[in-house]
Amino acid sequence: MNTYLRLNNKSTGRAISTVRNQPLRPMVQLIYDGLGNKLEKKEIVRLSDNPLLYVTDYLKESELP
């Protein structure tokens, strides 16, 4: 089962792994940008490398845009 996340910049992604010792700062494969547009090239963001980005909500697949 996939875990979908909404970030504080309103983008949406799928958690693909967690960083050792930082389980709340996963690597996220972005699926939608902050406007709800599906990204053609899925960008991977490591939240531990981006201190200004954080998870604001967890989503079910049925809640995706």
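We count residues from 1, following the sequence as given. Remember, predicted model here, so these are calculated numbers, not experimental data.
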From CA spacing to verdict: side-chain contact (heavy atoms from CB on, under 4.5 Å), Tyr58, Leu5: CA-CA 5 Å; Tyr58 295 89; Leu5 311 167; 3.1 Å; yes
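Remark: Tyr4 engages Asn2 in a side-chain hydrogen bond (donor to acceptor under 3.5 Å, both in side chains) (not counting sequence neighbours).
Residues Val45 and Leu64 do not share a hydrophobic cluster, defined by chaining ILVMFWY side chains whose heavy atoms lie under 4.5 Å apart. Hydrophobic clustering places Leu59 together with Tyr32 (ILVMFWY residues linked when any side-chain heavy atoms are closer than 4.5 Å, directly or through intermediates).
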Identify all side-chain donor-acceptor contacts of residues 7-16 below 3.5 Å with residues at least two apart in sequence or on another chain.
| unit_1 | atom_1 | unit_2 | atom_2 | d |
| --- | --- | --- | --- | --- |
| Asn8 | OD1 | Tyr54 | N | 2.9 |
| Asn8 | ND2 | Leu52 | O | 3.0 |
| Asn9 | OD1 | Ser11 | N | 3.1 |
| Asn9 | OD1 | Ser11 | OG | 2.5 |
| Arg14 | NH2 | Gln29 | OE1 | 2.6 |

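Contact record, Asp33 with Leu35: OD1-N, 2.9 Å, taken as the closest heavy-atom pair.
For residues 48-65, the set of pairs meeting the salt bridge (Lys or Arg N to Asp or Glu O under 4.0 Å) definition, not counting sequence neighbours, comprises Arg46-Asp49.
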